[in-house]
Amino acid sequence: MTQAPVTRQPAPDEVRPGVAPTARQPVTWQAAPRLRRFATIAVAVVIAAVLTRHAGLLLLGAPVLAALAAAGRGTRPRALDAAVTAAPSRCFEGEDVEVIATLVTPLDEVTFQVEPGPAVEVAEGPVTQVVVAGQPARARWVLRPQAWGRHPVCTVTVRCTDGVGQASLTLRPEPIEVFPHPPPTRATLLPADLLRRIGEHTAAAPGAGIEFFGIRGYRPGDRLRDLNWAVTSRLGQPHINQRAALRAADLVIMIDAFSDIGPPGDTTLDLAVRGAAGLATAYLRTGDRVGVVVLGGVLNWLAPSPGNRQFFRIVEMAFGVRFPSEANPDLDRVPRTALPPRALVVLFSPLLDRRALNAVTDLRQRGVSLVIVDVLTHEPPAERRLAMTQLAVRLWRLDRSALRASLTGLGVPVLHWDSGTGLEGAQAPLRGRRVRAVR
Amino acid sequence: MLLRADTLLRAGVLLRAATGCLGAGMIILPAPTLPNHGWVLILAGLLLVAASLAGPPARWRAVGTLAAAVAVLESALGQPALAVLAGEGVLILGYLLLVDAPVAMRGAVAARWLRLQLPIAFWGALTSAIVLVVLAVPVPVSAWLLVAGAGAAVAATAIALPRRPRRPRQPRQPR
């Protein structure tokens, strides 16, 4: 006995893919601009006919009045079935997000207009789309968010015209999570003292790695394949090659969220979080543990941890950093697990807020290996015609140089990173050097 | 993407061109009968028509209404023949219909939108023809005619005004 294949019938309220589930939106109908226009001209014609005592002028208004009478009044609903969706709900900066607005209620003319949010560009589809002739209306756009964060990508204004009535709706899709696009980089910044844990960084101690470390005399138990034949034959005694040990590192990324300067999508905070995402990706890829401490607003931290999931934990924590605050961060509140003693601390900061500089002093007193990445890329605007403003900008530049020099003098390397270049280029001054703890 | 933009542009330009032609026609048609300083009105009317088609003033809806009002003023001052007035009325209606057209429409959508306007244009032209016939028949000047016209205008406006939909009556429950 064979069973007939069972085909699954979709439930009546099941949502088809690509079609947004609609919701009843109450609307207020008003007179359409066409009605006002026609009525104005009709009244003008009647007044002109009366004043000039010329009945023939009524011929000017007759077609307009007939059009007014012929315009369909219809049965305008008090609420419209409309919806807007944005998919996917999670993406990286620069990736496409499809926005679909739907109006199920059939009307004469429906105009959809999308207004992208800050730092969001329309990649596909005209900004204004018109659907006519009473069919269920649908408009589609592809938007490209260029700034990370949890925010609505756009606002869709729907203007409905039915006969001589007009109504408008404002639809907002659910906020989507835009992850920062990590710039390409490698885990080259390392503290002088690596951890005892096995990792992928070459340590300054002999071990079982692959990098050459040194040559020493043969001892019983050494592998014969490690014999350095050239040295052995020259000295007449067996010598072997030593390899450097491979160790892991802990990285703590600090984000200075006290200042947020620059155009939307390219602010210092945007840059800082992108840099943090890039470093986190690079170090997590090599099996290191990465943690984060956010200075600004409420002091937040995430203890170092390995694995890909840590990247998303870090990024989701960064979503909450845009929070203006006057509070001073107290790094004593950060537990030892979140700021391990032998960890490398990389602070992304525009070095504008005194509280961030106080935090640098605090970290120095704790004796951590610290690197500062300056993310300020915009200078104060200078008016070319006004010599005083140019002088002020020059003074500002000198002040910045003095600040960096004083930090470098204290033993804290300051790197400058511009969003136009990769993070690896910014790390070049420290390539081949270990970051030492300073006190 | 480029193709769609091109189609959008073409449909929009064609509609705007048609609107411009109708607008220019409604301004120029009563021009021969205008008095000496009538060129000022023609110039103002043409400028308003041009402004209603493109540029920032096109967003201001009153510009199109003002252009049509200038045409009415020209006819009132010039008092052209009845046939010219009938044609002028149809041109005004056509211009007012098209000046409302949404800017961003693809070719197929624009055609469907134009088809939606056809019944209105048809009824307008038919009414104009009927009024023309009625006025062409020689009848003594009567105030009643004006009163009837004014009454028709008020009635048409009252009929066309949007109303709240009536709540459907609840069906009776069978006992």
Side-chain angles (χ1 to χ4, degrees), chain A residues 29-46 48-78 108-109 111 113 124-134 161-166, chain B residues 1 4-5 8 61 64-65 68-69 71-73 75-76 79 81-82 85-86 88-90 92-93 96-97 99-100 102-106 109 112-113 115-116 119-128 130-132 135 141-142 145-146 149-150 152-153 155-157 159-165:
Chain A
W29 289 91
Q30 294 175 332
R34 173 178 289 182
L35 172 68
R36 290 187 210 132
R37 248 180 210 161
F38 283 7
T40 308
I41 294 302
V43 169
V45 166
V46 171
V50 170
L51 290 180
T52 58
R53 296 180 180 180
H54 183 43
L57 282 180
L58 288 176
L59 271 166
L60 296 176
V64 175
L65 290 170
L68 269 180
R73 282 175 295 152
T75 52
R76 295 184 193 102
R78 286 184 182 178
D108 279 355
E109 181 187 318
T111 305
Q113 189 168 13
E124 196 182 316
V127 173
T128 307
Q129 297 183 25
V130 183
V131 180
V132 295
T161 309
D162 198 32
V164 285
Q166 191 183 43
Chain B
M1 178 77 182
R4 286 187 70 183
L8 267 174
R61 293 178 185 275
T65 315
V72 171
L73 189 60
S75 299
Q79 296 196 350
L82 286 181
L85 283 174
E88 177 76 355
V90 174
I92 289 175
L93 174 65
L96 289 180
L97 281 176
V99 85
D100 257 344
V103 179
M105 281 198 290
R106 279 180 291 144
V109 180
R112 218 177 299 154
W113 186 87
R115 219 178 300 143
L116 266 183
I120 300 174
F122 170 75
W123 284 111
L126 184 68
T127 311
S128 185
I130 291 170
V131 175
L132 176 63
L135 287 176
V141 174
S142 164
L145 193 60
L146 287 178
T157 310
I159 290 169
L161 276 176
R163 293 175 190 166
R164 284 186 177 179

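Naming: A, B, ... by sequence-line order, numbering from 1 per chain.
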Counting heavy-atom pairs under 4.5 Å with chain A, the top scorer among B:Leu146, B:Leu73, B:Val109 is B:Val109
Of A:Ala62, A:Ala49, A:Gly61, the largest count of non-hydrogen pairs under 4.5 angstrom with chain B goes to A:Ala62
Counting heavy-atom pairs under 4.5 Å with chain A, the top scorer among B:Gly149, B:Ala86, B:Gly64, B:Ala155 is B:Ala86
In terms of heavy-atom contacts, A:Leu65 and B:Ala156 come closest through O-CB, 3.8 Å
In B:Leu93, B:Leu85, B:Val90, the residue satisfying side chain to side chain contact (heavy atoms under 4.5 Å, CB included) with A:Leu60 is B:Leu85
Residues A:Ala67 and B:Ile120: closest non-hydrogen pair is CB-CG2, 3.2 Å
Rounded to the nearest 0.5 Å, the CG atom of B:Leu132 sits from the CG atom of A:Leu58 at a distance of 12.5 Å
With chain A, the option among B:Phe122, B:Trp113, B:Trp123 that has the most non-hydrogen atom pairs under 4.5 Å is B:Trp113
Per-residue tally against chain A (heavy atom, under 4.5 Å) across B:Leu96, B:Leu82, B:Leu126 peaks at B:Leu96
Name each donor-acceptor pair under 3.5 Å that joins a side chain in residues 32-40 of chain A to protein atoms two or more places apart or in another chain, with its distance.
{"residue": "A:Arg34", "atom": "NH1", "partner": "B:Gln117", "partner atom": "OE1", "Å": "2.8"}
{"residue": "A:Arg34", "atom": "NH2", "partner": "B:Leu97", "partner atom": "O", "Å": "3.4"}
{"residue": "A:Arg34", "atom": "NH2", "partner": "B:Gln117", "partner atom": "OE1", "Å": "3.0"}
{"residue": "A:Arg36", "atom": "NH2", "partner": "A:Ala31", "partner atom": "O", "Å": "3.1"}
{"residue": "A:Arg37", "atom": "NE", "partner": "B:Thr65", "partner atom": "OG1", "Å": "3.3"}
{"residue": "A:Arg37", "atom": "NH1", "partner": "B:Asp100", "partner atom": "OD1", "Å": "2.8"}
{"residue": "A:Arg37", "atom": "NH2", "partner": "B:Arg61", "partner atom": "O", "Å": "2.8"}
{"residue": "A:Thr40", "atom": "OG1", "partner": "A:Arg36", "partner atom": "O", "Å": "2.5"}

The residue among A:Thr128, A:Val132, A:Val130 that forms side chain to side chain contact (heavy atoms under 4.5 Å, CB included) with B:Pro102 is A:Val130
Bottom line for A:Val45: the part with an atom under 4.5 Å from chain B's heavy atoms is both
Sequence neighbours excluded, the answer for side chain to side chain contact (heavy atoms under 4.5 Å, CB included) partners of A:Ala66 is B:Thr127
Comparing A:Ala44, A:Ala48, A:Ala55, A:Ala42 against chain B, the one with the most heavy-atom pairs below 4.5 Å turns out to be A:Ala55
When every non-hydrogen atom of B:Ala153 is compared with those of A:Val46, the smallest separation belongs to CB-CG2, 4.2 Å
Note: A:Ile41 and B:Ala69 closest approach over all heavy atoms is CD1-N, 3.7 Å
| message | Just so I know, are the side chains of A:Glu109 and B:Leu116 near enough to count as touching, which here means a heavy-atom distance under 4.5 Å? | response | no
If one checks every heavy atom of B:Ile92 against chain A at 4.5 Å, the contacting part turns out to be side chain
